[in-house]
Asks: 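Structure incoming, see below.
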Amino acid sequence: MKKEYRPAEIEARHYERWEQAGWFAPSGRGEPYCIVIPPPNVTGTLHMGHALQDTIMDALTRYHRMRGRNTLWQPGTDHAGIATQMVVERLLEREGTSRKELGRERFLERVWQWKERSGNTIVRQMRRLGASVDWSRERFTMDAELSRAVGEVFVRLYEEGLIYRGKRLVNWDPVLRTAVSDLEVLSTEEKGKLWHLRYPIEGASGAHLVVATTRPETMLGDTAVAVHPEDERYQRWVGKHVRLPLADRLIPVIADEYVDREFGTGVVKITPAHDFNDYEVGQRHNLPLIGVLDDTARLNDAAPARYRGLDRFVARERVLEDLTAAGLLEKVEDHVSKIPRGDRSGVVVEPLLTDQWYVKTKPLAEPAIAAVEDGRVRFVPDNWKNTYFEWMRNIQDWCISRQLWWGHRIPAWYDDQGNVYVARDEAEARAKHGLGAAVKLRQDDDVLDTWFSSALWPFSTLGWPDKTPALATFYPTNVLVTSFDIIFFWVARMIMLGMKFAGDVPFREVYIHALVRDHEGQKMSKSKGNILDPLDLIDGVDLETLLKKRTEGLMQTHLQAGIERVTRKEFPSGIEGVGTDALRLTFASLATTGRDARFDLARAEGFHRFCNKLWNASSYVLSQLGGTSPGAAELGVADRWILSRLHVVIREVHANYATYRLDLVAQVLYDFTWHELCDWYLELTKAVLGDPNADDARKRGTQQTLVTALGALLKMLHPLIPFVTEELWLELCKHTGRDSATVMLEPFPVESDAAHDAEAESEIDWLKSFVIGIRQIRGDSNLPRSTALNVQLADATATDRERVERHRAQLERLAGIARIEILAPGTVVKGAATALLGGMRILVPLAGLIDVASERDRLGKQLARTRDDLAKSRRKLDNQSFVANAPADVVEKENARVADFEQRAAQLEQQLARLADLQ
RNA sequence: AGGCGCGUAGCUCAGUGGUAGAGCACCACCUUGACAUGGUGGGGGUCGUAGGUUCGAAACCUAUCGCGCCUACCA
């Protein structure tokens, strides 16, 4: 194997082989395990959120696959109606043409073309991440089969009365010119004005009512003014009329509880056609609706001629000018209000009265709520179910029609009389309703909300409505891995429609992971200029390219300089690539229970070093496997120790997977690899394997253990860092003659693979303490490693002596000891640096090596600390209620600590005294 | 207006009733044959604050401050 760890070389090598071999497909054996991918937009490129999510799903998939389950990670992409249509429209704009110019059919051809050409970016990028999805089952929401499922669900819901068409106020995006659902409207607090307008009261010359409004232009559509029924200020006007300025219409003064007496003037203008609340009021009072805006939010013909054709904001200015001129603008106040904006276009959304299709959600929500209540679907972390309940228990009907071209066209046809026929296709519509060829039918122009098809994803991808083997095997799926921002958009709707149509919940668990933010906790966004591309973290990127990426195509060009400055400061020489494996390990360590995950490049660099460490450790193991002849093997204490530690690690890894704590999986394996295997075990093997006089059986025992431990470790690490582990595994197999084509199909270690061995653990703990004691003396006294020390042991027990004999070579090697001498009982050593190990004192005679003053200082600090601890423990034990109430084992432990501290303190005092003697 | 989350070392984060931890950064020493992408030792935290429960609280409860998010119709 290569001497240096080079992730780029390794990572290029394995993915294609895995995919070609068909190893990502379900094995067909074992208990099924299935994850469906949250389908990324075909328009998309991989961002940090995908990378985190894909890492989690891939780790789970690989883990369960290695545990022998029949594992499917179902991939695919989403047609993303609005997003995709916008991308292609922008493209056409650059070509000097437009959607309207091309016409529906040719436009759709262009979208498909674009999808075929550019829609593969994200799936290519997923391969770079190592995602072990079954590509042979890749689906797209607009595939014929999935579209069939969409039609089927629509028709069945319609036939049950759960889909209906109606004219109501909807959220209308005047730039995209489509209806959007409540969820697609984001309300943001924005500074604005509150205008106080005078409406003259009819028949009471000079008197007027003053209404307060944030949207003066809508006054042209007012059909009433309202006051609170118990508001004494205005009671006498109720039932009278005011003359609506500019429009010059008489409108009634009505009384309605909706009005808040405290706000503004306590008089509200009512515009039923342009406000959700006013619409309700209008319904209650039988008010007419006067819509004054068209679908681009320009004033229409219902408005006075002077305003027709004006954009709503231009009209606002003119209305205000005209009111001012007429002396009807009483005052203007600053006011902060919530402005609804479309999540795609960013423009202010208008309530507009239009015909739309709706799903009646209450009947679907009830069983979906029950499924989470009784645990058929479990949220992880559990508290997310509260968010889910909150929304589901107040759910509103879902507007599913969109005035777009890209998407699933609504399967409804109209005849010339405006009768509507819903069916799977036109032929069925004719057949069902006995419509002859003479009857002309026209299909509804609208398409469905993208989330409608996404809601079917867990069963449509598996073949529904057909009863396919895949559906029978993998539905319900095991876990949905997603982020909390789409619990309403997607998770809730999948549960509703999955239960309705596939006969069961779509997944047993919903694992909600955090949102990836930058290291300051800021959301990553283009305009903040803090975007990181996962592939740049893998491959590295120079500063110029990074700057270009962050500033190119920026909408707000004034931000450019700031973004450049910050980027230069944070990455003065670009980003050094860390490789896929290190990036994955970083994401795994971000899979905590929190909702924010701050991405810190320093952590990724740390994990890159970890991969390097693993590489070099493996290189050492491989280099040690020769030089013995076949024969029986005998395990030494160190061998038994590392196997015992391995046993604990295996148990913890499984436990942490069970609770989706991939951060802890990563941590446990990191610590074991670095701080047990590398820091101690590999070092301990050197004394055996490097000793020409060592017994061959012992050497074989150590070699065997090296292979066992490294093998198990590579398997356990594989779900997190698939590339480097595969590389190392194949090398290991080459050296050991093992016949294995890949680590990804090896059985995941189970607890019984390694044996717990308390005796070995205690003995190696002793050895470590011995070595660390000497190292501390060496470190605190600044003794170079080249100075070998003579060590004397006082008060050694029989066990201590036995252990010293057994590990003499190890101790000398690890602590840099020249000679170990065991002192006869009662021997007094005058000046020596001291370390304590149980009752034994490890003495390093000073003999000019060590400065007496600094040694006294060192021991003094230790003594002070020990006395502190001792005092604390004694106080505890002096407390009668502690002794009476604490569990026996805790009290017992405390007693042992006191004894230990007392002994230490006495030893330290004695040593200090002897140091004093020396001077 | 409700609901939720977070606050632990300089930074990024684990730790959920029993001796405060990791990575990175910092200081000192060390090129020892897996690894200087390394090794060894060290410094650094009254766990946001105040009460309470408990023999014992970073953890549980209450209040409070700070930051963030999500729902909701105040014109």
Side-chain angles (χ1 to χ4, degrees), chain A residues 3-5 187 194 211-215 218 226 258-260 262-271 275-280 335 337-338 381 383-384 386-387 390-391 394 484-485 487-488 515 517 519-521 523 576 578 586 589-590 592-624 661 663-664 667 670-671 674-675 678-679 682-683 686 690 771-772 775-786 813 815-816 869 872-873 876 879-887 889-891 893-894 897:
Chain A
K3 183 159 169 50
E4 289 189 341
Y5 169 59
S187 62
L194 189 61
V211 301
T213 180
T214 54
R215 304 203 48 198
T218 63
Y258 157 69
V259 180
D260 176 357
E262 309 298 315
F263 188 88
T265 58
V267 186
V268 188
K269 60 191 273 306
I270 300 295
T271 323
D275 183 280
F276 289 102
N277 293 308
D278 292 6
Y279 183 81
E280 300 289 320
H335 182 68
S337 59
K338 298 269 175 136
N383 59 300
W384 287 110
N386 298 325
T387 304
E390 171 75 16
W391 190 70
N394 300 296
F484 57 84
D485 53 341
I487 288 178
F488 309 144
L515 290 182
R517 298 170 181 281
H519 70 108
E520 287 177 327
K523 211 165 173 171
E576 192 94 36
V578 299
T586 314
S589 74
L590 291 177
T592 65
T593 55
R595 28 199 279 180
D596 295 335
R598 297 189 189 203
F599 186 86
D600 184 6
L601 188 59
R603 260 185 116 169
E605 285 162 355
F607 286 122
H608 174 244
R609 289 205 264 276
F610 171 79
C611 292
N612 180 63
K613 189 77 175 172
L614 182 67
W615 181 267
N616 285 302
S618 303
S619 162
Y620 167 75
V621 171
L622 299 182
S623 73
Q624 299 301 313
R661 290 300 303 271
D663 60 321
L664 299 180
Q667 195 186 85
Y670 183 104
D671 287 342
W674 205 305
H675 300 305
C678 291
D679 286 353
L682 296 191
E683 294 306 321
K686 288 174 184 175
V771 171
I772 288 169
R775 283 176 180 169
Q776 275 167 344
I777 291 171
R778 191 189 287 282
D780 287 343
S781 312
N782 276 343
L783 290 178
R785 165 81 203 200
S786 51
R813 192 193 151 75
D869 290 341
K872 228 186 281 176
S873 288
K876 262 190 176 180
N879 183 345
Q880 280 313 305
S881 40
F882 171 73
V883 180
N885 293 310
D889 62 312
V890 172
V891 177
K893 228 158 88 183
E894 210 55 47
R897 294 185 62 196

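Lettering follows sequence order; numbering is per chain, from 1. All values below were derived from every heavy atom in this structure, side-chain atoms included, with hydrogens, water molecules and symmetry-related copies excluded.
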Asks: So, Asn616(A) side chain and Asn612(A) main chain: donor-acceptor pair closer than 3.5 Å or not?
Replies: yes
Asks: With a non-hydrogen cut-off below 4.0 angstrom, is Asp260(A) in contact with a base, only sugar-phosphate, or nothing?
Replies: base
Asks: His519(A) near the nucleic acid: base, sugar-phosphate alone, or nothing, with a heavy-atom cut-off under 4.0 Å?
Replies: sugar-phosphate
Asks: Looking at Arg598(A), I'd like to know whether one of its side-chain N or O atoms comes within less than 4.0 Å of OP1 or OP2 on C13(B).
Replies: yes
Asks: Within the 4.5 Å heavy-atom criterion, are Lys613(A) and Cys678(A) side-chain neighbours or not?
Replies: yes
Asks: Supply the atom-to-atom distance Glu280(A) CD to Ile270(A) CD1, rounded to the nearest 0.5 angstrom.
Replies: 11.5 Å
Asks: Base, sugar-phosphate alone, or nothing: which one does Asn386(A) contact when heavy atoms must sit under 4.0 Å apart?
Replies: nothing
Asks: Say we look at U46(B) and A58(B): how far apart would their C1' atoms be, to the nearest angstrom?
Replies: 12 Å
Asks: For A72(B), give the paired nucleotide (Watson-Crick: N1-N3 plus N6-O4 or O6-N4; G-U: N1-O2 and O6-N3; both under 3.5 Å), or none.
Replies: none
Asks: More 5' along RNA chain B: Phe484(A) or His608(A), using each one's nearest nucleotide?
Replies: His608(A)
Asks: Please report, rounded to the nearest Å, how far the C1' atom of A34(B) is from the CG atom of Asn616(A).
Replies: 5 Å
Asks: Quiz question: going by heavy-atom distance under 3.5 Å, is there a donor-acceptor pair between the base of A25(B) and the side chain of Glu605(A)?
Replies: no
Asks: What contact category does Cys611(A) fall into here, base, sugar-phosphate, or nothing, at under 4.0 angstrom with non-hydrogen atoms?
Replies: nothing
Asks: Classify the nucleic acid contact of Ala212(A) as base, sugar-phosphate or nothing, counting any heavy atom under 4.0 Å across all strands shown.
Replies: base
Asks: Can you tell me the Watson-Crick or wobble partner of C67(B), both distances under 3.5 angstrom?
Replies: G5(B)
Asks: Could you measure between the two P atoms, the one in U54(B) and the one in A59(B), and give it in whole Å?
Replies: 16 Å
Asks: Test of understanding: with side-chain hydrogen bond (donor to acceptor under 3.5 Å, both in side chains), list the residues that count as partners of Asp600(A), not counting sequence neighbours.
Replies: none
Asks: Between the side-chain atoms of Lys686(A) and the base atoms of A34(B), is any donor-acceptor pair under 3.5 Å?
Replies: yes
Asks: Taking protein heavy atoms under 4.0 Å as touching, what does nucleotides 15-23 of chain B look like 5' to 3' if B marks base contact, S marks sugar-phosphate-only contact and - marks none?
Replies: S--BB---S
Asks: For Trp384(A) and U71(B), what is the distance between atoms CH2 and C1' respectively, to the nearest whole Å?
Replies: 12 Å
Asks: For a 4.5 angstrom cut-off between non-hydrogen side-chain atoms, does Phe263(A) reach Leu194(A)?
Replies: yes
Asks: Would you please confirm or rule out a distance under 4.0 Å between OP1 or OP2 of G39(B) and any side-chain N or O of Trp674(A)?
Replies: yes
Asks: Whom does A20(B) pair with, Watson-Crick or G-U wobble, provided both distances fall under 3.5 Å?
Replies: none
Asks: Write down the distance separating the P atoms in G3(B) and A63(B), rounded off to the nearest Å.
Replies: 11 Å
Asks: By the 4.0 Å heavy-atom rule, please label Phe276(A) as base, sugar-phosphate, or nothing.
Replies: nothing
Asks: What's the spacing between Thr387(A) OG1 and Trp384(A) CH2 if we round to 0.5 Å?
Replies: 5.0 Å
Asks: Drop me the distance from Gln667(A)'s CD to Ser589(A)'s OG, to the nearest 0.5 angstrom.
Replies: 9.0 Å
Asks: Flag yes if more than 12 heavy atoms outside Lys893(A) fall under 6.0 Å of its NZ atom; otherwise flag no.
Replies: no
Asks: Could you check how far CG of Asn879(A) sits from P of A57(B), rounded to whole Å?
Replies: 11 Å
Asks: Take atom CZ of Arg517(A) and atom P of C69(B), then tell me their distance rounded to the nearest Å.
Replies: 7 Å
Asks: Between C27(B) and G68(B), how far is it from one C1' atom to the other, in whole Å?
Replies: 36 Å
Asks: Given that Trp615(A) and Tyr5(A) both sit by RNA chain B, which one's nearest nucleotide is further toward the 5' end?
Replies: Trp615(A)
Asks: Taking the P atom in each of G43(B) and A20(B), what is the distance between them to the nearest angstrom?
Replies: 16 Å
Asks: Using only side-chain N and O atoms of Thr592(A), determine if any of them is under 4.0 Å from OP1 or OP2 of A14(B).
Replies: yes
Asks: Not counting sequence neighbours, which residues clear ring-ring contact (aromatic ring centres under 6.0 Å, His included) with Phe882(A)? List them please.
Replies: none
Asks: Across all strands shown, which nucleotide pairs with C29(B) by Watson-Crick or G-U wobble geometry, both distances under 3.5 Å?
Replies: G39(B)
Asks: Identify the nucleotide, in any strand shown, that forms a Watson-Crick or G-U wobble pair with U62(B), with both distances under 3.5 Å; if there is none, say none.
Replies: A50(B)
Asks: Applying a 4.0 Å non-hydrogen cut-off, can you work out what Glu683(A) is touching in the nucleic acid: base, sugar-phosphate, or nothing?
Replies: base
Asks: How is Thr214(A) classified with respect to the nucleic acid when contacts are heavy atoms under 4.0 Å: base, sugar-phosphate, or nothing?
Replies: sugar-phosphate
Asks: Could you state the atom-to-atom distance from CG of Asp679(A) to P of A34(B) in whole Å?
Replies: 14 Å
Asks: For Leu194(A) and A75(B), give me the distance from atom CG to atom P, rounded to whole Å.
Replies: 8 Å
Asks: By the 4.0 Å heavy-atom rule, please label Arg595(A) as base, sugar-phosphate, or nothing.
Replies: base
Asks: Could you check whether Ser618(A) gets within reach of a base, just the sugar-phosphate, or nothing at all, counting any heavy atom under 4.0 Å?
Replies: nothing
Asks: Is the Tyr5(A) ring parallel, tilted or perpendicular to the His608(A) ring (thresholds 30°, 60°)?
Replies: tilted
Asks: Mind checking the P distance from A28(B) to C65(B)? Whole angstroms is fine.
Replies: 45 Å
Asks: Using the P atom in both, what is the distance from G42(B) to A22(B), to the nearest Å?
Replies: 11 Å
Asks: When all nucleic acid strands are considered with a 4.0 Å heavy-atom cut-off, which category describes Thr213(A): base, sugar-phosphate, or nothing?
Replies: sugar-phosphate
Asks: CD of Glu280(A) versus P of A75(B): gap in Å, rounded?
Replies: 17 Å
Asks: Work out how far the C1' atom of C6(B) is from that of G15(B), and round it to whole angstrom.
Replies: 15 Å
